[in-house]
Amino acid sequence: MIAEVVFDLPLDHPFSYLLPGDLKLACGQRVRAPLGGRGTRVGVVVALREGDESGLRPVQHVVDAAPIVSAAGLDLGRWIADESLSSWGSTLLALVPPPSRARRAESVAPAPDRAPSIPAREPELWTSADRDERLTAMLAAESEAALVIAPDTASAARWARRLDAARLDSGAGEAERREAWFAAARGRARVVVGTRGALLAPLPPPTTLVLLEEHDPAHKPPGPPRLHSRDILMRRAALDGSRLILLSGAPSVESWARVDEGAVRSLPDGGGAWPQIIAADTRGILRNHPLTLPLTRAIEEMSRRGRGVALIVGRATGVLGCNDCGALLSCPDCAVPLQVRRDRRALVCRLCARVEPLPDRCPACGGRRLAPFGWDPERVEASVRRRFPRLTVSRSDPGAQVVIGTSALLRGGSPGRWGAVGFVWLDGFLRVPDFRASERVFQLLWAAAEAVGGSGRVIAQTLHADHYALAAARNREREAFYRQELGFRAELGYPPYKRLCHVSARGKTAATARALLEEAAAAIAGVAGLTIYPLAALGAPGAASAARWRFVIKGPAELPRLIAPALRPFLERGRRSGGVVEIEMDPVTT
DNA sequence: AGCACGCCGACT
DNA sequence: GTCGGCGTGCTC
């Protein structure tokens, strides 16, 4: 018997091994096998067959007593690899718990059968403020097995506690995690909670699949599996006949578009009280002090009422804005903010690589106060301390009266967690050089509103009091936001109307990386239906970092299939002088 | 991705 | 005369 094994390599073909007569195994099981020089590696068995066994090396030993992925999981992994131009092996191995260090597991385990085909169910989008409570109640009442995917391990831990569920994520202990995995496969853990790494958890279908906070960019970090958790679950649900529930107060524009298309059903929202969302004009204030009058008042009032205040500070961004009119310097073609390259005294578009000299006047109003910097947490803390010497002010103590931190402060709390949330410099989030900046701001404001609850207050310090994301959040009008945002995306051909793909190369020198990437760009130049943007150096172009170059491809839904034939050779190491090409499909970070 | 094989510079 | 650089090709 011959076992076909895939490894965590950028090679997309299986390797054949001899299966010793006494070794029984099934597809989806992990094995350790010799590969290359004298090492051995862990791989997943994707096929078993009879055939010519001459010249084959034997599998060394079995890693897990039972298949770690089901037949359906193998298929889903193959689809993810195809869709993201990744390899089957690196995809699968990123979607199973790491092998235990224990010695050889003894084998013999039947492969779980593929489920009989079950009619697909329409995915659901739950947006109501009480969605978490509804989900908890629903899962308690259901008898169907459920897989709940959280954006991060802290959230997975909270949900596991809340649902009294087993954990499959890396925040759990290795033993607990493996036990939960196999218990789920045997139908002995009804509800399991995990992060991305649990997307292939082998629950017997049909199941309920849940994606928490589906808009969260943590659902698509770089690296394998190189696809958004939402897309993986959509596919899994469609193949499984599983029910898919997406949860988010302010969903991704992609998911909203699916509702518009009728591919996803949106549940009616519950209503309830909505907080005051105040736009506080920062003109002439933010230069010297981080607090406007409305925010100062909110802090005073909340401290009287014994309620905490969260001050949200973004990271300083390398973009230039005008302190007089609030305009930010954007690329006229791509509408994304231009990035400051100080060493070159230039502004660069990260999408089309357009380069402009650093202006000394605002192109919109002619003002001279162009400012690249915002308020960082340390500076805010010192300033708030000075203004409120009698309050506890902290960047680390979540129980302080005023807590200063990033948008992470809005995560995972119950409604009313904060009495007020202040965005010290909302424009910092709007100025992020990413076409999703408005969406992100809308989601932050929505999360803040939910975190303060109906009796709280949200203060957004901004020069853009009339920005549509702010207006829509203030008026609790989701439709208004998505209508405008979808219009913008349609006009410029951004997702969800087109798909994007980042192709990058890094090498020993900038020249080798660039040359390699130029070759890759040339390889797809003839493919119809694509927009290929010019090459751009990645990161600050200091000596070392300029060894990374990138270009962006824009294309239709079938983008992966269009570019795969030409680009696969670049991913599977060819004859090349020290360069590595990477492909990131549907990137959500710039 | 590792790792081995394979041809050109400074060292016990 | 060797040790060793990393360029390129392969791994069942």
Side-chain angles (χ1 to χ4, degrees), chain A residues 1-63 69 74 77-78 80-82 84-96 98-99 104 107 197 221-227 502-520 523 543-544 547-549 564 567-585:
Chain A
M1 189 70 102
I2 295 171
E4 301 282 357
V5 180
V6 293
F7 296 94
D8 180 13
L9 296 174
L11 305 173
D12 198 36
H13 65 89
F15 290 77
S16 306
Y17 290 90
L18 178 63
L19 204 54
D22 59 330
L23 203 61
K24 282 249 179 60
L25 49 74
C27 284
Q29 223 163 338
R30 277 186 300 198
V31 292
R32 187 168 272 285
L35 185 70
R38 49 169 130 53
T40 86
R41 311 177 67 110
V42 171
V44 177
V45 177
V46 294
L48 293 165
R49 61 178 174 90
E50 302 287 355
D52 180 13
E53 302 179 349
S54 59
L56 296 187
R57 300 168 81 181
V59 159
Q60 195 184 62
H61 65 79
V62 169
V63 172
V69 228
L74 289 177
R78 179 66 263 177
I80 297 166
D82 285 338
S84 60
L85 280 85
S86 186
S87 75
W88 200 0
S90 58
T91 301
L92 289 174
L93 284 148
L95 289 170
V96 294
R104 66 188 51 202
S107 58
R226 311 184 97 96
L227 215 57
H502 287 175
V503 183
S504 66
R506 63 201 147 78
K508 286 198 74 73
T509 69
T512 57
R514 191 174 210 287
L516 178 56
L517 199 60
E518 262 164 359
E519 237 187 292
R548 255 176 86 78
W549 285 73
L567 290 185
R568 268 247 146 83
F570 288 88
L571 298 167
E572 307 200 355
R573 227 170 214 301
R575 23 77 281 215
R576 91 189 48 125
S577 43
V580 181
V581 174
E582 256 193 298
I583 294 191
E584 188 72 32
M585 192 63 64

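Throughout, a chain's letter reflects where its sequence line sits, starting with A, and its residues are numbered from 1. Any value given below was found using the heavy atoms of this structure, including those in side chains, with hydrogens, waters and symmetry copies removed. This one's a predicted model, so the numbers in the text were calculated from it and none came from an experiment.
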Practice problem: Find the distance A:Phe15:CZ to B:dC3:P and express it as a whole number of Å. | Solution: 14 Å
Quiz item: Of the options A:Val42, A:Val31, A:Thr40, which is the one that meets A:Gln60 in a side-chain contact (heavy atoms from CB on, under 4.5 Å)?
Solution: A:Thr40
Exercise. Classify the nucleic acid contact of A:Leu56 as base, sugar-phosphate or nothing, counting any heavy atom under 4.0 Å across all strands shown.
Key: sugar-phosphate
Practice problem: Find the distance A:Arg41:CZ to C:dC12:C1' and express it as a whole number of Å. | Solution: 14 Å
Quiz item: Rounded to whole angstrom units, what separation is found between the CD atom of A:Gln60 and the P atom of C:dC12?
Solution: 13 Å
Practice problem: Measure from CG on A:Asp12 to P on C:dC10 and round the result to the nearest Å. | Solution: 18 Å
Quiz item: Between A:Leu35 (CG) and C:dC12 (P), how many Å, whole number?
Solution: 5 Å
Self-check item: Contacts of A:Pro20 that satisfy side chain to side chain contact (heavy atoms under 4.5 Å, CB included) - sequence neighbours left out
Solution: A:Asp22, A:Leu23, A:Pro58
Quiz prompt | A:His13 NE2 to C:dC10 P, straight-line distance once rounded to whole Å | solution = 11 Å
Quiz item: According to the salt bridge (Lys or Arg N to Asp or Glu O under 4.0 Å) rule, which pairs have a member within residues 47-62 of chain A, sequence neighbours left out?
Solution: A:Glu4-A:Arg49
Self-check item: For A:Ala94, all residues meeting side chain to side chain contact (heavy atoms under 4.5 Å, CB included), sequence neighbours excluded
Solution: A:Pro224, A:Pro225
Quiz prompt | For atom CG of A:Leu9 and atom P of B:dG2, their distance in whole Å | solution = 8 Å
Restricting to nitrogen or oxygen on both sides, can you table the protein-nucleotides 4-6 of chain B pairs closer than 3.5 Å?
| from | atom 1 | to | atom 2 | distance (Å) |
| --- | --- | --- | --- | --- |
| B:dA4 | OP1 | A:Arg38 | NH1 | 2.8 |
| B:dA4 | OP1 | A:Arg38 | NH2 | 3.0 |

Exercise. Grab the CD-P distance between A:Glu572 and B:dG2 for me, whole Å please.
Key: 16 Å
Self-check item: Qualifying salt bridge (Lys or Arg N to Asp or Glu O under 4.0 Å) pairs, either residue in residues 6-15 of chain A, two or more places apart
Solution: A:Asp12-A:Arg78, A:Asp12-A:Arg568
Quiz prompt | All side chain to side chain contact (heavy atoms under 4.5 Å, CB included) counterparts of A:Arg41, not counting sequence neighbours | solution = A:Phe7, A:Leu9, A:Leu35
